[in-house]
Amino acid sequence: MKNVLKFLLMIPLFLLTSCNGGNETENLIKEININIPIDHSYSEIAQFQITWSQMFDIESESYFVYFYSETCSHCVDLKNFIIEKALELQTIYFVKSSNADILSEDTISSINAGNSSEISILGYPSMIKIENYVCIKNVAGISQIKSLLNWLLILLSN
């Protein structure tokens with residue numbers, strides 16, 4: 001429906017172009033401000049790729065570790081958002097699914113963990129927050145991850 005509406009809005013623009021030099025058309029196009037989504041690739045964040053065992057080896061006081069699987073439909077839905085935030089924040093590290101991952105329904109025991117063998121995730125996508133080499137947050141799912149990162153962006157903007 002949005003595409004049809006955009007198409008219908010574009011018809012007058014093409015008609016205006018044939019009537020004058022195009023200045024009005026250019027101004028109208030600028031006013032419409034069509035937002036075209038960017039399809040990101042994991043290759044863009046190659047410098048942030050780590051393994052499960054490396055999640056506590058980052059030399060930073062505070063950062064996030066995002067766990068994903070390329071075959072997970074929720075991860076695919078979140079991919080553009082998470083890569084965009086990683087490029088913006090520079091504090092999100094990515095762990096691609098592997099046999100080393102520890103999946104468990106008990107993610108609470110990960111809080112205050114200080115090494116990778118003490119961390120477990122509910123599934124994909126998941127994200128943990130590490131501060132001072134200790135896990136302080138462990139969330140799973142699109143809405144939880146987006147909320148965590150949006151909350152951080154609000155804090156940073158104040």
Side-chain angles (χ1 to χ4, degrees), residues 1-10 29-158:
M1 187 65 179
K2 283 185 176 181
N3 289 336
V4 172
L5 184 58
K6 287 180 185 176
F7 177 74
L8 291 174
L9 289 172
M10 296 293 264
I29 290 172
K30 289 177 185 175
E31 286 179 29
I32 291 174
N33 191 16
I34 298 172
N35 188 12
I36 300 171
I38 297 172
D39 188 26
H40 288 286
S41 166
Y42 287 111
S43 64
E44 294 176 67
I45 47 85
Q47 72 273 24
F48 298 112
Q49 290 278 356
I50 60 173
T51 64
W52 185 278
S53 63
Q54 294 172 319
M55 73 176 85
F56 286 95
D57 295 344
I58 307 301
E59 293 188 23
S60 178
E61 287 184 26
S62 180
Y63 57 94
F64 297 90
V65 180
Y66 173 70
F67 304 92
Y68 72 100
S69 169
E70 291 183 336
T71 60
C72 162
S73 63
H74 299 294
C75 300
V76 170
D77 290 344
L78 191 59
K79 181 180 86 168
N80 289 326
F81 174 83
I82 199 74
I83 291 173
E84 190 172 305
K85 296 305 174 203
L87 294 171
E88 180 181 343
L89 296 169
Q90 303 282 306
T91 59
I92 301 174
Y93 294 86
F94 291 72
V95 175
K96 185 177 174 181
S97 63
S98 74
N99 293 337
D101 301 355
I102 303 171
L103 302 176
S104 171
E105 290 185 25
D106 176 26
T107 58
I108 304 280
S109 62
S110 296
I111 304 304
N112 295 320
N115 68 58
S116 60
S117 64
E118 297 173 332
I119 298 291
S120 64
I121 59 171
L122 189 58
Y124 307 104
S126 286
M127 179 175 272
I128 63 172
K129 181 164 181 24
I130 297 177
E131 281 190 11
N132 298 315
Y133 301 97
V134 173
C135 175
I136 64 162
K137 198 88 154 153
N138 186 335
V139 299
I142 293 173
S143 61
Q144 294 273 349
I145 292 169
K146 281 186 171 183
S147 293
L148 181 61
L149 292 177
N150 286 331
W151 171 79
L152 173 68
L153 289 170
I154 289 168
L155 285 177
L156 292 175
S157 68
N158 290 331

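Predicted, not measured: the structure shown is a model, and the values here were computed from it.
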(request) Return the minimal non-hydrogen interatomic distance between Ile128 and Cys135, and the atom names on each side. (result) CB-SG, 4.0 Å

(message) A side-chain contact here means heavy atoms from C-beta on lying under 4.5 Å apart; do Ile145 and Val139 qualify?
(response) yes

(message) Can you give me the closest heavy-atom contact between Phe56 and Ile119, atom names plus distance?
(response) CE1-CG1, 3.7 Å

(request) Without swapping roles, check the side chain of Trp52 against the backbone of Ser116 for a donor-acceptor pair under 3.5 Å. (result) yes

(request) Determine, stepwise, if the pair Phe94 / Tyr66 fulfils ring pair (Phe, Tyr, Trp, His ring centres under 6.0 Å). (result) CA-CA 5 Å; Phe94 291 72; Tyr66 173 70; 5.5 Å; yes

(request) Please indicate whether Lys79 has more than 12 foreign heavy atoms, meaning atoms of other residues, nucleotides or ligands, lying under 6.0 Å from its NZ. (result) yes

(request) Answer yes or no: is there a side-chain heavy-atom contact under 4.5 Å between Leu103 and Ile121? (result) yes

(message) What's the separation between atom SG in Cys72 and atom OH in Tyr124, rounded to the nearest 0.5 Å?
(response) 9.5 Å

(request) Return yes if some donor-acceptor pair links the side-chain N/O of Asp101 with the main-chain N/O of Ser98 below 3.5 Å, else return no. (result) yes

(request) Examine distances only and state if a side-chain atom of Gln54 and a backbone atom of Thr51 form a donor-acceptor pair shorter than 3.5 Å. (result) yes

(request) Tell me, please, whether Phe81 has Lys146 positioned over its six-membered ring: NZ or CZ under 6.0 Å from the ring centre and within 45 degrees of its axis? (result) yes

(message) Set out, in order, the CA-CA distance, both residues' side-chain angles and the distance that settles side chain to side chain contact (heavy atoms under 4.5 Å, CB included) for Ser60 and Thr91, then state yes or no.
(response) CA-CA 9 Å; Ser60 178; Thr91 59; 5.5 Å; no

(message) Is it the case that over 12 heavy atoms from other parts of the model lie below 6.0 angstrom from the NZ atom of Lys129?
(response) yes

(message) Under the ring pair (Phe, Tyr, Trp, His ring centres under 6.0 Å) test against Tyr93, which residue among Phe48, Phe64, Phe67 passes?
(response) Phe48

(message) Would you say that Gln49 contacts Tyr42 through its side chain, given a criterion of any heavy-atom pair below 4.5 Å between the two side chains?
(response) yes

(message) Main chain of Met55, side chain of Tyr63: is a donor-acceptor contact present, judged purely on distance under 3.5 Å?
(response) yes

(request) Return yes if some donor-acceptor pair links the side-chain N/O of Ser120 with the main-chain N/O of Ile102 below 3.5 Å, else return no. (result) no

(message) Against Val65, only a single residue in Asn138, Ile130, Ile92 fulfils side chain to side chain contact (heavy atoms under 4.5 Å, CB included); can you say which?
(response) Ile130

(request) Dump the intermediate steps for side chain to side chain contact (heavy atoms under 4.5 Å, CB included) on Asn80 and Ile38, then the final yes or no. (result) CA-CA 7 Å; Asn80 289 326; Ile38 297 172; 6.0 Å; no

(request) Could you check Ile142 against Asp77 for side chain to side chain contact (heavy atoms under 4.5 Å, CB included), going step by step and ending with a plain yes or no? (result) CA-CA 8 Å; Ile142 293 173; Asp77 290 344; 3.9 Å; yes

(message) Distance check, rounded to the nearest 0.5 Å: Lys85 atom NZ versus Leu149 atom CG?
(response) 8.0 Å

(request) For the residue pair Ser109 and Glu118, establish whether any side-chain heavy-atom pair is separated by less than 4.5 Å. (result) no

(request) Give the minimum heavy-atom separation between Thr107 and Ser104, together with the two atoms involved. (result) CG2-O, 3.8 Å

(request) Could you tell me which non-hydrogen atom of Val76 sits nearest to which non-hydrogen atom of Glu70, and how far apart they are? (result) CG2-O, 4.0 Å

(message) I'd like to check Ile45 versus His40 (side-chain heavy atoms, cut-off strictly below 4.5 Å). Are they in contact?
(response) no

(message) If I take atom NE2 from residue His74 and atom OG from residue Ser126, how far apart are they, to the nearest 0.5 angstrom?
(response) 11.0 Å

(request) To the nearest 0.5 angstrom, please state how far the NZ atom of Lys137 sits from the CG atom of Leu148. (result) 6.5 Å

(message) So, taking the atom named CG in Leu89 and the one named CD1 in Ile82, what distance separates them when rounded to the nearest 0.5 Å?
(response) 9.0 Å

(message) Between Leu122 and Glu105, does the side chain to side chain contact (heavy atoms under 4.5 Å, CB included) criterion hold? Intermediate values first, please.
(response) CA-CA 5 Å; Leu122 189 58; Glu105 290 185 25; 4.3 Å; yes

